[in-house]
Amino acid sequence: MTTAKKDTLNPSQHAAVTHPGGPLLVLAGAGSGKTKIITERISHLVTKEDVSPHRILAVTFTNKAANEMRERVSHLIPGSAKGLWIGTFHSTALRILKRDIDKLPGFDRNFAIYDDADQIRLIKDCMARLNIGERGIEPRFVRTRIDRAKNRGGKPGDTGNDELNEDITNIFELYEKEMRKLNALDFGDLLHVTARLFEERPEVLEAYQEQFRHILVDEYQDTNNVQYRIVEMLSRKHKNIFVVGDDNQSIYGWRGADITNILNFEKDFPSASIIKLEKNYRSTKNILNAANGLITKNRNRHEKNLWTDNPEGEKLSYFEAVDEREEARYVVSEIESEVSRGGRSYRDIAVFYRTNNQSRVIEEELLRKDVPYAIVGGTGFYQRAEIRDLTAFLRVIANPNDDLSLRRIINVPARGIGKGTVDEVTRIAADEDISFVEALRKSVAENLLPQRTILALKKFLSMLDGLIEFEKDHGIGETIDRILEKTGYLELLEKEPERRENVGEIFNIAAEFEREEEGAGVREFLDRITLSSDIDSYNGKEERVALMTLHSAKGLEFPVVFIIGMEEKLIPHYNSLKDNGDVEEERRLFYVGITRAREKLYLIGARSRRFFGKEERPTPSRFVSELPEELVEVKNLYTGLLRESTSSGFAPRNKSATRRTGSASSSAAPPTPKPGNSGYKAGQKIHHPSFGPGTITKVEGEGDSAKVTVSFLAHGVKKIIAAYLEGK
DNA sequence: ACCGATTGAATTTTT
DNA sequence: TTCAATCGGT
């Protein structure tokens with residue numbers, strides 16, 4: 001935000017922007033001006049090197065990043081930004097496939113895009129059809145395996161090599177067959193098929209190679225194998241591949257991102273240069289050093305040393321709440337004082353968490369205290385049942401052979417076409433090898449079903465035909481309107497104002513889409529919404545506290561950041577602690593969270609937390625003790641200070657405090673204060689229920705309120721209220 | 001075929 | 001806690 005950052009480039013940045021050509025890896029640490037480098041580079045190419053905009057391809061991972069990039073570029077070079085190919089990997093692939101996918105046998109340019117919910121549904125169908133299911137394979141799991149295979153460019157044989165492989169392979173094959181029939185591509189396909197297109201149709205590849213003289217990739221550490229292959233193939237001719245990334249921020253390994261892409265860049269692209277951007281413009285010294293200290297615990301990384309000219313700033317603060325409710329109260333009360341006493345505004349503040357469900361408690365408290373907030377990302381708008389219903393209608397109109405969508409909405413609202421009928425028609429479709437609508441029409445024409453159902457089907461089909469006709473010469477918004485009216489969907493939502501509102505919102509989105517994309521139809525609209533997520537719409541301009549997961553936080557920054565749930569099994573997440581988990585990735589995730597903060601970072605954990613109904617007693621996150629100790633101020637441990645400050649909200653709630661949900665966990669329960677013990681002294685060995693064994697190094701004060709400094713075996717040095725120790 | 005109720009299950013991160 | 005799927009009654 002300083003003028004130095006805005007107007008001038010430091011030497012490394014300048015070198016990157018003006019790089020003469022050939023492969024370049026820019027290792028850009030957090031807050032080192034990554035986006036700026038890319039946008040300046042594009043502008044440099046266009047204005048100084050006379051590269052025509054349409055010969056530049058810039059890919060990012062999120063629409064948000066793409067939009068931001070486009071906006072900033074159009075600022076730098078007004079007018080020229082239009083021709084640029086800026087987009088996410090997926091949208092770029094889509095653009096290519098919409099043009100050329102029919103050069104591959106068996107594909108049609110009018111394909112639909114299926115998101116993962118669609119995938120799961122189809123996989124379930126396939127499993128049912130193959131009589132797989134009792135064997136305990138979860139559709140989700142199958143999807144992951146299919147995705148993984150596509151990421152590696154694999155075919156249905158190589159989904160893995162365990163005992164499940166045969167089943168999965170069978171499901172995969174049927175799934176692919178069905179997807180062709182449905183004329184649909186899933187997210188994985190967008191990339192995988194693009195790679196195939198390039199591999200199998202050299203003339204197509206050549207055309208794109210020729211076109212793209214410069215290729216820029218943002219967040220390179222998040223690329224997976226297909227993405228790497230696509231980019232590598234495209235850059236083979238001109239070799240101008242410019243990638244920017246930070247291996248320390250690789251947090252999508254679970255989705256197939258391959259951190260070795262960035263670690264091996266020099267090997268993959270011979271004669272590659274590397275430029276490191278190590279100057280951080282964002283955070284205070286304390287925050288940056290905390291992040292640096294943490295990340296050195298990871299083995300697998302490029303050596304980088306981030307530094308900053310910024311002031312030292314405040315220490316990080318760490319607070320342990322009794323439970324998640326107190327955690328929320330603490331966060332909100334700190335937010336309030338940041339605003340009232342610290343002169344912050346709400347939009348300066350963000351709360352990060354590991355899992356979406358953690359937002360709830362915080363939300364409740366924010367609501368209670370009338371603090372404006374916005375949830376960024378999360379269970380998306382587009383995932384809501386009513387929105388999915390509506391898009392299913394649209395899909396069926398765009399392609400009546402979209403069986404999956406048709407089956408979804410054929411009885412919504414209820415119109416007398418029940419499960420029995422659907423099953424029967426599905427069977428006919430399978431027997432005759434025709435689509436579901438065709439089977440419907442056949443059933444009606446040949447009277448294959450009871451009279452009552454035939455009647456219902458007739459009504460449905462004529463309604464559908466009417467809508468299909470209507471869409472031909474009306475806009476998207478009008479079509480949505482018509483659907484709502486003709487299907488009776490609006491009445492269905494009569495008593496649900498919230499859902500009605502959502503449906504209204506999709507209408508607005510459609511109207512907006514029509515305005516900005518002239519000539520685009522329902523198909524394009526559907527593509528757009530399945531490729532967008534809610535995070536894309538966050539602009540940070542509103543006067544609200546932002547709530548989001550650590551993953552969503554990547555690429556953003558805030559003066560004040562709260563990271564909640566600093567506990568084992570949350571950060572690092574439970575799943576990373578088991579078998580094939582990756583704790584280093586969790587550490588990077590936390591690193592990403594830390595480095596979002598400009599001035600003030602709060603870490604909060606709870607000593608008790610309900611997981612789904614069940615009360616658990618987590619231990620503090622190992623990552624907290626990995627931070628350089630002198631940079632962290634431990635706010636309090638069970639001092640109950642907060643309890644006194646908020647009077648009404650939670651007077652002695654003994655009920656919940658003493659609730660015996662599983663007495664098994666009582667051994668790990670927080671230590672009960674021991675009445676009248678005063679006799680701690682330095683050198684004494686003690687045991688703390690969470691931190692384990694330790695040695696007292698210092699005692700201040702007397703009695704229960706004495707503060708004891710303890711050096712723990714596993715958790716470093718902590719200052720603790722004496723009352724909460726167990727002497728030993 | 002539909003509705004309601006009970007039961008059971010499952011919860012990471014997302015283009 | 002919340003959601004989905006299943007079951008049984010109408």
Side-chain angles (χ1 to χ4, degrees), chain A residues 59-66 87-94 113-117 119-121 124 133 136 138-141 143-144 147 150-151 185-191 219 222-224 226-227 250-257 324 352-361 364 376-380 382-383 385 411 413-424 449-450 452-453 456 527-536 548-554 565 569-578 581-582 585-586 588-590 592-593 609-615 661:
Chain A
V59 274
T60 64
F61 276 81
T62 64
N63 297 303
K64 184 177 184 302
T88 63
F89 271 102
H90 294 266
S91 68
T92 303
L94 175 66
I113 304 172
Y114 271 23
D115 68 14
D116 47 351
Q119 283 189 74
I120 300 258
R121 232 145 17 98
K124 272 188 191 161
E138 285 173 56
R140 282 179 66 122
F141 179 73
R143 203 215 52 202
T144 308
D147 262 6
K150 286 181 177 175
N151 278 343
L185 297 187
D186 60 36
F187 284 143
D189 285 332
L190 288 176
L191 304 174
E219 308 278 17
D222 286 332
T223 49
N224 63 27
V226 222
Q227 289 162 335
S250 164
I251 54 175
Y252 284 107
W254 52 276
R255 218 169 78 188
E324 74 269 36
F352 302 155
Y353 35 79
R354 180 64 229 263
T355 65
N356 281 118
N357 58 25
Q358 290 175 260
S359 70
R360 256 197 58 191
V361 195
E364 282 166 12
V376 181
T379 304
Y382 297 106
Q383 314 295 327
N411 203 31
R415 49 176 77 88
I417 306 171
K419 189 173 181 304
T421 308
V422 171
D423 285 350
E424 181 58 17
L449 297 163
R452 266 185 51 180
T453 5
D527 292 344
R528 163 71 67 91
I529 65 181
T530 71
L531 285 184
S532 39
S533 69
D534 311 62
I535 193 170
D536 303 334
M548 69 191 84
T549 64
L550 285 162
H551 282 86
S552 304
K554 194 170 69 165
K569 298 190 177 174
L570 227 34
I571 311 177
H573 191 273
Y574 183 63
N575 290 343
S576 74
L577 264 17
K578 339 182 44 169
D582 184 353
E585 179 155 314
E586 296 290 305
R588 292 193 293 268
L589 185 58
F590 182 40
V592 167
R609 166 167 247 121
R610 310 153 77 93
F611 275 96
F612 358 74
K614 265 194 307 276
E615 191 118 339
T661 353

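Numbered from 1 within each chain, the chains take letters A, B, ... in sequence-line order.
- Checking the phosphate oxygens (OP1, OP2) of B/dT12, no side-chain nitrogen or oxygen of A/S576 falls inside 4.0 Å.
- Heavy atoms of A/Y252 sit under 4.0 angstrom from primed sugar atoms or phosphate atoms, though from no base atom.
- No hydrogens or angles were tested; on distance alone, a donor-acceptor pair under 3.5 Å links the side chain of A/W254 to the base of B/dT13.
- Taking atom P on both B/dT13 and C/dA4, the two are 16 Å apart, rounded to the nearest angstrom.
- Partners of A/T453 according to the side-chain hydrogen bond (donor to acceptor under 3.5 Å, both in side chains) rule, which considers only residues two or more places apart in sequence or in another chain, do not exist here.
- Between A/Y252 and A/H551, the ring planes are tilted. Angles from 30° to 60° get that label.
- Once rounded to the nearest 0.5 Å, the distance linking CD of A/Q227 with CG of A/L191 reads 5.5 Å.
- Rounding to whole angstrom units, CZ of residue A/F89 and P of B/dT14 are separated by 19 Å.
- Among the atoms of the strands shown, only primed sugar atoms or phosphate atoms (P, OP1, OP2) are found under 4.0 Å from some heavy atom of A/K124.
- The CG atom of A/D116 sits 10 Å away from the P atom of B/dT15 (whole-angstrom rounding).
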Shorter than 3.5 Å, N or O on both sides, protein versus nucleotides 3-8 of chain B: list them out with atom names.
none

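- Here chain A contacts DNA chain C (any atom closer than 4.0 Å to a heavy atom, that is under 4.0 Å), and the contacts span C/dT1 to C/dA5 from 5' to 3'.
- Put simply, CE on A/M548 and CG on A/N356 are 11.5 Å apart, with the number rounded to the nearest 0.5 Å.
- For the ring-ring contact (aromatic ring centres under 6.0 Å, His included) test, no residue two or more places apart in sequence or in another chain qualifies with A/H573.
- Between A/K419 and A/R360, the residue anchored closer to the 5' end of DNA chain C is A/R360, taking for each the nucleotide with the nearest heavy atom.
- Residue contacts shown for A/F61 are limited to sugar-phosphate atoms, with no base heavy atom under 4.0 Å away.
- The residue A/T421 sits close only to the backbone: its heavy atoms come under 4.0 Å of sugar-phosphate atoms, none of a base.
- More than 12 heavy atoms of other residues, nucleotides or ligands sit less than 6.0 Å from atom CZ of A/F611.
- Here A/H573 does not count as stacked on B/dT13, because the ring centres are not under 5.5 angstrom apart with planes under 30°.
- Note on A/T549: a side-chain N or O is less than 4.0 Å away from OP1 or OP2 of B/dT14.
- A close approach under 4.0 Å does occur between a side-chain nitrogen or oxygen of A/N411 and OP1 or OP2 of B/dC2.
- Judged as a salt bridge (charged side-chain N to carboxylate O under 4.0 Å, His left out), and not counting sequence neighbours, A/R452 has no contacts.
- Atom CG of A/D222 and atom P of B/dT14 are 12 Å apart (whole Å).
- Place A/G420 and A/I251 on DNA chain B by their nearest nucleotides, and A/G420 ends up nearer the 5' end.
- Residues A/G418 and A/T88 both approach DNA chain B. Their nearest nucleotides, taken by heavy-atom distance, put A/G418 toward the 5′ side.
- Listed candidates were B/dT13, B/dT15, B/dT14. Nearest to the side chain of A/H90 is B/dT15.
- Listed pair A/T453 / B/dA1 fails the phosphate criterion, with no side-chain N or O lying under 4.0 Å from OP1 or OP2.
- Protein atom CD of A/E585 is 13 Å distant from nucleotide atom P of B/dT14, rounded to whole Å.
- For the side-chain hydrogen bond (donor to acceptor under 3.5 Å, both in side chains) test, residues two or more places apart in sequence or in another chain that qualify with A/Q358 are A/T355.
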Test side chain to side chain contact (heavy atoms under 4.5 Å, CB included) applied to A/E219 and A/T60, step by step: CA-CA 7 Å; A/E219 308 278 17; A/T60 64; over 6 Å; no
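- For the pair A/K64 NZ and B/dT15 C1', the interatomic distance rounds to 15 Å; values are reported in whole Å.
- We find that NZ of A/K150 is positioned 14 Å from C1' of B/dT15, with the value rounded to whole Å.
- A donor-acceptor pair under 3.5 Å is absent between the side-chain atoms of A/Q119 and the main chain of A/R143, judged by distance alone.
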As a quick check of understanding, evaluate side chain to side chain contact (heavy atoms under 4.5 Å, CB included) for A/L550 and A/Y353, giving each step before the final call. CA-CA 6 Å; A/L550 285 162; A/Y353 35 79; over 6 Å; no
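- Spacing between atom CZ of A/R143 and atom P of B/dT12 amounts to 12 Å, rounded to whole angstrom units.
- Listed pair A/N356 / B/dT13 meets the phosphate criterion, a side-chain N or O lying under 4.0 Å from OP1 or OP2.
- Atom CZ of A/R528 and atom C1' of B/dT15 are 15 Å apart (whole Å).
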